[in-house]
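Here the structure is laid out as structure tokens; the discussion comes afterwards.
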Amino acid sequence: MKSISFAAVIFCALTIAQTRSSEILVIFPTTAQSHYRVVQPLIHSLLDRGHRILSITNFPDAVERANLSHIDISGLKPHSQFKTSNNGIIKSMTRVIGNAKTYSTILDHPKIGKLLRSGRKFDLVIAEFFTSTPIFAPIATVVDAPIIGFCPMITFPWINEVMGMETTMSYMPSILNNSSDRMSFFQRIYNIVISVIIESVFNWISTPTILQINKYHYGIQTESTIKTMANLSMIMTNNYHSVFLPFPKLPGIVEVGGIHVVDEKPIPQDLNDFINDAQHGVILFSMGTVVSEASMGADKLNNILDAFSKLKQRVIMKFNVEKYKKKLPVNVKVVKWFPQRDLLAHPNVLLFISHAGIMSTIETIHCGKPMVAIPVFGDQIFNTNLLVEKQVAIAIEYKNLESDQLFNAINEALTEKYTINVKKLQQLYNDRPHSPLETAVYWTEYVIRNKNESKELFKSQKVHLNLYQSHLIDIFAAFLVPLIVTIYIIRWTMKRLRKH
């Protein structure tokens with residue numbers, strides 16, 4: 001037994017040694033800092049384990065490390081902030097198409113152009129899995145490395161198709177759908193329609209632009225948007241099935257939901273004093289970093305502040321209200337930024353009023369606090385519906401936001417029922433064999449160790465089948481054509497016999 005244990009230790013040591021000091025290229029072109037926060041713990045952990053990383057990002061680390069370098073692309077693409085109105089499906093799709101050309105300007109960055117021409121090789125590429133992926137995934141082919149996609153959301157329309165899995169629309173809602181996996185007849189109709197629209201935009205309308213960009217910058221020509229991502233070995237998602245939706249998954253889709261939730265740090269003294277002195281507890285308010293505060297009308301802000309003025313609890317708002325010149329209620333403290341994760345962990349913080357972005361949603365569940373959700377666009381509505389169905393949140397439509405409605409929603413969410421439910425969800429979130437970061441590190445290094453095999457290892461063969469093959473149309477035709485011919489011959493024969 002001792003010899004076996006010793007051998008196992010030696011094997012593990014050799015495996016780790018084999019993986020260490022790998023060259024990794026990270027491509028996260030997003031201008032949403034919340035998205036980059038999801039991959040940062042993985043980057044830092046890989047650095048700690050001896051890997052060397054070159055990161056193409058808008059958010060270079062402030063602390064220098066010997067094995068970390070950056071290509072700073074900040075300023076090349078303006079940060080998109082979403083207005084609190086006009087965020088429908090057509091607007092979202094138009095934005096996606098426009099983003100393709102905007103993202104392509106990043107490839108014109110002198111340092112990126114030099115990298116692509118240098119012949120430099122890497123052991124792995126980690127790229128944001130989002131609307132920019134078809135443009136940046138081909139870089140992995142240029143640098144001769146396997147590539148892992150890292151999705152900052154629960155799911156995304158391309159994920160299943162890239163990995164070779166069917167999307168069953170009867171119980172797998174689109175992320176732009178407003179329903180959960182328990183859909184009514186009309187919700188299933190809407191789910192099909194919205195899915196077809198997304199596929200049409202991503203696979204057809206945007207394809208010519210994307211293919212042209214890739215041919216110009218990489219000299220690579222593919223058949224479709226999906227084929228530009230065919231080199232992806234694995235996709236990590238900011239999801240965890242016991243908290244969100246339990247969909248079937250191929251091995252190439254790895255859940256690391258909550259990876260961005262790091263250990264809590266001390267709270268700034270002024271906020272700590274404000275919270276500790278709150279006899280009835282504290283409520284947090286934040287609409288994230290991609291919702292434009294400027295688009296929030298004075299009437300909505302008045303409704304919010306009026307609701308807060310009626311509360312016995314104190315409120316900390318992450319908001320810039322200077323231009324409104326409003327007199328704040330005595331129980332409200334406004335700051336331009338606060339350490340959200342650390343505040344949520346404080347025992348005297350009772351509730352979070354949020355836009356229900358996925359990072360905020362996971363942090364709230366991690367800390368076991370109920371939520372009042374005011375979604376504005378994208379996956380926020382999807383996340384909100386999941387939280388409401390689990391009875392850990394109260395939802396308010398932004399356009400219908402009234403003072404009394406918000407006040408009543410806060411008091412409802414503070415009841416024992418919601419507290420109990422969110423504590424149960426918190427337990428499910430934490431009950432997993434390995435932490436999200438441990439899971440991400442293991443599979444990242446697994447792909448590096450098995451770089452030659454990993455491209456096909458985690459996908460189904462569906463990725464190599466065309467439409468009629470994957471839906472067995474050719475098989476049905478093989479049975480149907482002889483049957484039709486036989487029927488025709490029988491009818492022709494009977495007709496001839498009747499004549500004689």
Side-chain angles (χ1 to χ4, degrees), residues 88-89 92-93 129-130 149 151-203 226 229 232 234-258 356-358 361-362 365 371 373 375 377-393 395 421-422 424-425 427-429 431-432 458-463 465 467-473 475-476:
I89 181 65
S92 298
M93 296 299 101
F129 191 86
F130 207 54
C151 181
M153 303 161 76
I154 297 174
T155 183
F156 204 68
W158 295 326
I159 286 181
N160 291 341
E161 195 169 355
V162 171
M163 287 292 114
M165 194 181 86
E166 294 285 350
T167 298
T168 309
M169 297 183 191
S170 59
Y171 68 93
M172 298 172 72
S174 164
I175 198 163
L176 294 181
N177 194 352
N178 297 341
S179 61
S180 69
D181 54 346
R182 300 175 184 177
M183 290 180 276
S184 67
F185 174 77
F186 292 106
Q187 286 173 328
R188 280 180 284 135
I189 290 176
Y190 181 75
N191 195 46
I192 291 173
V193 171
I194 204 75
S195 298
V196 169
I197 291 174
I198 292 172
E199 185 171 347
S200 299
V201 172
F202 287 165
N203 293 355
I226 294 299
M229 300 177 282
L232 282 164
M234 179 177 288
I235 301 171
M236 295 184 184
T237 68
N238 199 13
N239 186 22
Y240 192 56
H241 56 270
S242 67
V243 178
F244 298 109
L245 293 176
F247 291 160
K249 293 178 181 67
L250 285 162
I253 301 174
V254 176
E255 296 181 333
V256 293
I358 189 58
T361 297
I362 290 176
I365 293 170
M371 182 187 287
F377 71 96
D379 70 320
Q380 297 166 13
I381 302 170
F382 185 83
N383 301 336
T384 296
N385 288 328
L386 297 181
L387 296 175
V388 169
E389 186 170 273
K390 295 176 186 297
Q391 296 185 318
V392 298
N421 288 341
V422 79
K424 289 179 181 177
L425 196 59
Q427 180 184 349
L428 290 172
Y429 165 87
D431 194 351
R432 56 179 96 183
F458 304 107
K459 302 177 184 177
S460 79
Q461 285 301 303
K462 183 180 181 296
V463 295
L465 302 177
L467 183 66
Y468 68 82
Q469 289 172 328
S470 63
H471 290 85
L472 297 176
I473 295 173
I475 303 299
F476 284 116

*List the atom of Cys151, the atom of Phe156, and the distance in Å for their closest heavy-atom pair.*
SG-CB, 4.1 Å
*Among Thr361, Ile365, Val392, Val422, whose side-chain contact (heavy atoms from CB on, under 4.5 Å) with Met371 holds?*
Thr361
*Give, for atom CD of Glu166 and atom CE of Met172, the distance between the pair rounded to the nearest 0.5 Å.*
9.5 Å
_Note, Phe129 side chain near Met236 side chain (heavy atom, < 4.5 Å)_ = no
*Checking Ser470 side chain against Leu465 main chain: does a donor-acceptor pair fall under 3.5 Å?*
no
_Thr167 versus Asn160, closest heavy-atom pair with distance_ = OG1-ND2, 2.9 Å
*So, for Tyr429 and Gly257, which heavy atoms are closest and what is the spacing to 0.1 Å?*
CE1-O, 4.0 Å
*Could you tell me which non-hydrogen atom of Arg182 sits nearest to which non-hydrogen atom of Gln187, and how far apart they are?*
O-OE1, 3.8 Å
*Working to the nearest 0.5 Å, report the span between CD1 of Ile159 and CG of Leu250.*
11.5 Å
*Rounded to the nearest 0.5 Å, what's the gap from CG on Asp181 to CG on Asn191? Could you check?*
11.0 Å
*Quick one: pull up CD1 in Ile154 and CG in Leu386 and give me the separation to the nearest 0.5 Å.*
5.5 Å
*asked:* I need the Thr384 OG1 to Asp379 CG distance, nearest 0.5 Å.
replied: 9.0 Å
_Spacing of Tyr240 atom OH and Asp431 atom CG [to the nearest 0.5 Å]_ = 6.5 Å
_Donor-acceptor check, side chain of Thr237 to backbone of Thr155, threshold 3.5 angstrom: yes or no?_
no
*Is the count of non-hydrogen atoms from other residues, nucleotides or ligands lying under 6.0 Å from Gln427 atom CD greater than 12?*
no
_Give me the atom names and distance for the closest heavy-atom approach of Ala356 to Asn383._
O-ND2, 3.0 Å
*Indicate yes or no for a side-chain donor-acceptor contact from Asn238 to the backbone of Gly258 under 3.5 Å, with no hydrogens or angles considered.*
yes
*May I ask you to decide whether Lys249 forms a salt bridge with Glu255, counting only side-chain N to carboxylate O separations under 4.0 Å?*
yes
